[in-house]
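Below is one structure, written out as structure tokens; the observations come after it.
Within every chain, numbering begins at 1; the chains are lettered A, B, ... in the order of the sequence lines, protein sequences first and strands thereafter. Since this is a predicted model, take the numbers as computed values, not measurements. Just so you know, these numbers use all the heavy atoms, side chains as well, and skip hydrogens, waters and symmetry mates.
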Amino acid sequence: MLDGSGSRFPVTMRLKKRTDFLRVFRKGATWSGACFALHVLPRAEGPRLGIVISRKYGTAVERNRAKRRIREAFRANTERLPSADILVRPSPACREATVDEIARLLIEGASRAIGR
RNA sequence: AGAGAGGGUCAGGGAGACGCCGGUCGCCGGCUCAAGUCGGCGGCUGGAGGAAAGUCCGGACUCCACAGGGCAGGCCACUGAGGAGAUCUCAGCAGGGGUGACCUUGGGAAAGUGCAACAGAGAGCAGACCGCCGAUGGCCCGCUCCGUGCGGGCACAGGCAAGGGUGAAACGGUGGUGUAAGAGACCACCAGCGGCCCGGGCGACCGGACCGGCUCGGUAAACCCUGGUCGGAGCAAGGCCAAGUAAGAAGGCGCUCGAGAGCUGCCCGCUCAAGCCUUCGGGUAGGCCGCCUAGAUGAAUGUCUUCCCGCGACAGAAUCCGGCUUAUCGACCCUCUCUCCUU
RNA sequence: GCUGGAGUAGCUCAGUUGGCAGAGCACGUCCUUGGUAAGGACGGGGUCACGGGUUCAAUUCCCGUCUCCAGCU
């Protein structure tokens, strides 16, 4: 699952605009897991990732680490994820999670949110 | 060997694979007449810290009027250098702490005002509870040569501040003279204060001699005084472009007799000035510059495999510098101190 | 990123020329009632966020940390 060789993470796979974030927040389906909450809004051109993490999560180092792990989980599994804008909001429980666990939860949560 | 003091350096490293951001070169594609711009691929190359942190000081920079006067207010404070400057650094001086290496604090209490609960007799040019004495005066008793004499007692007047006790602090310490008992009342030495002189040092200050009155306390991180310093805001400063709502409604003040704004707490002064303020309702919150041989603007350093060691702490740039403070697993280096053991 | 403010009992908050730690609600016991609520009486509960410093003495004054909350695009 973690064999990410060949996978890429270009700019087109990221949420870049404030309006994009607000649209996913308002219209997307939500899913809450042990480690983070998801907002998922289907689109045609493939998956895109956005991360929202508040200052209350921890120090700058902990917030950066969480974002990098989530990005890595996303990059290694773009083929398994549904074609949608995926917004990830980590909770403090995410600090101890490995990339492996994050990837599993990400695929499961996104699929379930779409399925509803 | 153990314990400790001061200062400095490093911040896991090597190899491979896949990725991320910037720069540059080349190629390809979209849009455009073109300059150009957007995207993709490949090569080369750069890519977090000693604190990037806290935002505690000081600047650069930007805007307010290229920055005025007074009052108020804030901040700083031993000496000498360094520095653009600083609550900075270095060296020194004095007080305090430590056996020591060293650490730590720093204007003025004799300009004035204020404060010191409780305890205690007394707390600021103090005071007498217990206590000591009672020479002198008073009262009582005895002796008597009957006197203005002698002896004893009382603790009434009065004297004293040595000792006890209270307190954080009680108006010098030790010894002696002295006295009824005592006391700087007097004397010797010591401590401390003030004045003056000599010597050393750029200076803070240090050493010494003489004289004086004999003691003259603490707190300015209380008001304050003295000297110095400070205009206000801050890159979300500020500038440019684009998009877009509304030429919205109600009320108030005003158009040179001047509302209001710059401008900060107040006043003065200066400048601009025909619109301004309040409430309700509505819209936008995009891009570029500022912004950098790290330089983003949803915001870049990660994941996996393997080897080595002491198994890796605190922690992530956001306009940029100079400091301070705080967090920190450990490793190494230099200088020095104390104790013990051996020779 | 920048600029302010706050931290005192379980909760909401007072507390100035530095010397006492307080109020309301809540909680416990008792009284009142046939019983409950209300009311009355009594009572417990605090490292004044933390660590240094100044002072004889600090919730208070000074310095440094931590946490929380606002405002500015």
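- Rounded to the nearest Å, the gap between the C1' atom of B/rA261 and that of C/rG15 is 43 Å.
- Remark: A/Ala37 engages A/Ser32, A/Arg89 in a side-chain contact (heavy atoms from CB on, under 4.5 Å) (not counting sequence neighbours).
- Annotated as syn: B/rG50, whose O4'-C1'-N torsion sits within 90° of 0.
- Listed by first residue number, the stems of RNA chain C with at least three Watson-Crick or G-U pairs below 3.5 Å are C:1-7 with C:66-72, C:10-13 with C:22-25, C:27-31 with C:39-43, C:49-53 with C:61-65.
- Of all nucleotides present, only B/rG142 satisfies the Watson-Crick or G-U wobble test against B/rC150, with each distance under 3.5 Å.
- Of the P atoms belonging to B/rG212 and B/rC189, the separation is 14 Å, rounded to the nearest Å.
- The ring-ring contact (aromatic ring centres under 6.0 Å, His included) contacts involving residues 38-94 of chain A comprise A/Phe9-A/Phe74, A/Phe25-A/His39, where partners must be two or more places apart or lie in separate chains.
- Checked against salt bridge (Lys or Arg N to Asp or Glu O under 4.0 Å), A/Glu62 has the following partners two or more places apart in sequence or in another chain: A/Arg95.
- Counting only residues at least two apart or on different chains, no ring-ring contact (aromatic ring centres under 6.0 Å, His included) pair has a member in residues 87-114 of chain A.
- Every residue two or more places apart in sequence or in another chain that forms a side-chain contact (heavy atoms from CB on, under 4.5 Å) with A/Thr98 is listed here: A/Asp100, A/Glu101.
- Taking a pair to require two hydrogen-bonding distances under 3.5 Å in either a Watson-Crick or a G-U wobble arrangement, B/rG178 remains unpaired.
- For B/rC272, the glycosidic angle deviates from 0 by more than 90°, giving an anti base.
- With sequence neighbours left out, A/Arg23 forms a salt bridge (Lys or Arg N to Asp or Glu O under 4.0 Å) with A/Asp20, A/Asp85.
- Using Watson-Crick or G-U wobble geometry with both donor-acceptor distances under 3.5 Å, B/rA35 finds no partner in any strand shown.
- In this structure the side chain of A/Arg48 never reaches within 4.5 angstrom of the side chain of A/Ile86, judged on heavy atoms.
- For A/Arg65, the salt bridge (Lys or Arg N to Asp or Glu O under 4.0 Å) criterion is met by no residue, not counting sequence neighbours.
- The phosphate of B/rA53 (OP1 or OP2) has no side-chain N or O of A/Thr59 nearer than 4.0 angstrom.
- Rounded to a whole Å, the CZ atom of A/Arg63 is 8 Å from the P atom of B/rG316.
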Tabulated below should be each protein N or O lying under 3.5 Å from an N or O of nucleotides 297-299 of chain B; please produce it.
from	atom 1	to	atom 2	distance (Å)
B/rG298	O2'	A/Leu15	O	2.5
B/rG298	N2	A/Ile51	O	2.5
B/rA299	OP1	A/Lys16	NZ	3.0

With 3.5 Å as the limit, what N/O pairs link the protein to nucleotides 64-66 of chain C?
none

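- The side chain of A/Glu72 lies closest to B/rU303 when the candidates are B/rC18, B/rG316, B/rU303.
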